[in-house]
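Down below is the structure, laid out as structure tokens.
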Amino acid sequence: MSIAVIAGLGNPGLKYRNTRHNVGFCLIDLLAKSFDSEWKTESRFQAKTAIVYIENQKILLLKPLTFMNESGISLKAVLNYKKLPTTSLLTIYDDINLEFGRVKLSATGSAGGHNGVDNILSQIGSDFLRYRIGIGSKLNKNMDLSDYVLGKFSLAEQKILANQTSTYLEHLKLIIDKGPTLAMNFINQRIVPTHERNNKQQL
């Protein structure tokens, strides 16, 4: 089954804009913008939706408005209404277990401590694609996890993510065009991001 729905995870509202937990919202906003697609609120899905055509395939973009920890409620409503299997869903979200700026595409696995993904697993099962964007680990071990993920990106981090945006968008298009397996082989290669190479050169 090809991808029919791409969901970016996050929390709605200005309070959460540019926070680490909202990187899924940020990327899917940029994807919609790149196709000049406008968002509309659909109460039946408890989400904002937009339509794009990638490689001649109609894709529904989704931003759940249920808040992160109940993301699965929105995704389940969409899949049920459209009679789509979970394999047609691609999710985009933050991952504290990946180095900052790195990405990984996977089709299986646990929630990894991510409450939004945990809710999705409980609502629709595990058979969906996950495009994970690394936000790095907590700044110090005593810091509360919620404070970290709900904290805003620094200006330096925003710049790094901005420089990576075109790569992330190409990855999403690759998944649609070539399918998950070929996309995983390419995306999951360990290519050192530019900001990491620059840091090493300065040492």
Side-chain angles (χ1 to χ4, degrees), residues 1-10 12 22-66 68 71-95 98 101-109 114 116-117 119-121 123-134 161-189 191:
M1 180 71 187
S2 58
I3 297 300
V5 180
I6 301 178
L9 305 189
N22 267 38
V23 73
F25 268 18
C26 292
L27 185 55
I28 206 165
D29 275 336
L30 290 170
L31 181 61
K33 184 178 180 180
S34 72
F35 286 92
D36 295 320
S37 184
E38 295 186 0
W39 293 99
K40 66 177 182 178
T41 301
E42 293 203 59
S43 57
R44 61 187 170 184
F45 302 144
Q46 297 185 64
K48 286 189 175 182
T49 64
I51 299 292
V52 297
Y53 288 85
I54 302 176
E55 303 299 333
N56 296 317
Q57 294 187 55
K58 183 179 180 181
I59 306 294
L60 176 70
L61 305 185
L62 188 82
K63 293 196 298 182
L65 299 177
T66 51
M68 179 65 85
S71 297
I73 295 173
S74 175
L75 300 188
K76 183 178 181 179
V78 171
L79 296 178
N80 286 349
Y81 180 83
K82 295 186 173 293
K83 297 180 172 59
L84 292 169
T86 53
T87 51
S88 68
L89 171 66
L90 168 63
T91 55
I92 307 170
Y93 59 91
D94 57 293
D95 191 334
L98 284 177
R102 278 198 66 196
V103 292
K104 190 169 185 179
L105 179 67
S106 58
T108 59
H114 194 293
V117 179
N119 184 256
I120 294 172
L121 291 170
Q123 293 286 335
I124 67 171
S126 61
D127 202 12
F128 60 94
L129 276 179
R130 309 101 190 270
Y131 185 81
R132 297 178 281 141
I133 302 175
L161 290 176
N163 289 336
Q164 294 282 94
T165 294
S166 60
T167 298
Y168 298 155
L169 293 179
E170 286 304 315
H171 284 171
L172 298 179
K173 294 173 185 177
L174 180 67
I175 296 166
I176 302 301
D177 184 29
K178 300 299 184 182
T181 302
L182 288 176
M184 272 184 216
N185 291 337
F186 178 78
I187 293 170
N188 294 345
Q189 295 179 76
I191 300 174

For L27 and V23, what are the C-alpha separation, side-chain angles and deciding distance, and is it a side chain to side chain contact (heavy atoms under 4.5 Å, CB included)? CA-CA 6 Å; L27 185 55; V23 73; 5.7 Å; no
Distance in Å, R102 CZ paired with N188 CG, rounded so as to fall on 0.5 Å steps: 8.0 Å
Least distance between heavy atoms, L129 atom then P180 atom: CD1-CG, 3.6 Å
So, do L98 and K104 sit near enough that their side-chain heavy atoms are less than 4.5 Å apart? yes
Nearest 0.5 Å please: distance from the CD1 atom of I120 over to the CZ atom of F128. 5.0 Å
Grab the two heavy atoms, one from I92 and one from L172, that are nearest each other, plus how far apart they are. CD1-CD1, 3.9 Å
Nearest heavy atoms of L105 and A183, plus distance in Å: CD2-CB, 3.9 Å
Please identify each residue that fulfils ring pair (Phe, Tyr, Trp, His ring centres under 6.0 Å) with F35, with sequence neighbours left out. none
Measuring from I124:CD1 to T86:OG1, what's the distance to the nearest 0.5 Å? 6.0 Å
Contacts under 3.5 angstrom, residues 48-62 side chains, donor-acceptor by atom type, not counting sequence neighbours:
residue, atom, partner, partner atom, Å
T49, OG1, E42, OE2, 2.7
Q57, NE2, I176, O, 3.1

Run the side chain to side chain contact (heavy atoms under 4.5 Å, CB included) test on Y93 and I133 for me, step by step, so that the C-alpha distance in whole Å, both residues' side-chain angles and the decisive distance to 0.1 Å come before the verdict. CA-CA 6 Å; Y93 59 91; I133 302 175; over 6 Å; no
Closest heavy-atom pair, F45 versus S74, reported as atoms and distance to 0.1 Å, is O-OG, 2.8 Å
With sequence neighbours excluded, what pairs up with D94 under the side-chain hydrogen bond (donor to acceptor under 3.5 Å, both in side chains) test? H21, H114
Between R44 and Y81, is NZ or CZ placed under 6.0 angstrom from the six-membered ring centre and within 45° of the ring axis? yes
To check you understand the geometry: which heavy-atom pair defines the closest contact between P85 and S88, and what is its length? O-OG, 2.7 Å
Taking atom CE of M184 and atom OG of S106, what is their separation to the nearest 0.5 Å? 6.5 Å
Measure from the side-chain N and O atoms of R130 to the backbone N and O of G109, and report whether any donor-acceptor pair falls under 3.5 Å. yes
One should read off an interatomic distance between I28 CD1 and Y168 OH, to the nearest 0.5 angstrom, of 15.5 Å
Show the nearest heavy-atom pair for residues L75 and P64, with the distance to one decimal. CD2-CG, 4.3 Å
Determine whether a donor-acceptor pair (N or O, by modelled atom type, separation under 3.5 Å) exists between the side chain of T41 and the backbone of A47. no
Quick note, side chain to side chain donor-acceptor pair (under 3.5 Å) partners involving residues 169-179, not counting sequence neighbours, are Y131-H171
Working to the nearest 0.5 angstrom, can you tell me the gap between L9 CG and S71 OG? 4.5 Å
For K33, what residues pass the side-chain contact (heavy atoms from CB on, under 4.5 Å) criterion, not counting sequence neighbours? none
Output all residues satisfying side-chain contact (heavy atoms from CB on, under 4.5 Å) with N80, sequence neighbours left out; order by chain, then residue number. K76
List the steps, then state whether salt bridge (Lys or Arg N to Asp or Glu O under 4.0 Å) holds for K63 with D29. CA-CA 9 Å; K63 293 196 298 182; D29 275 336; 2.8 Å; yes
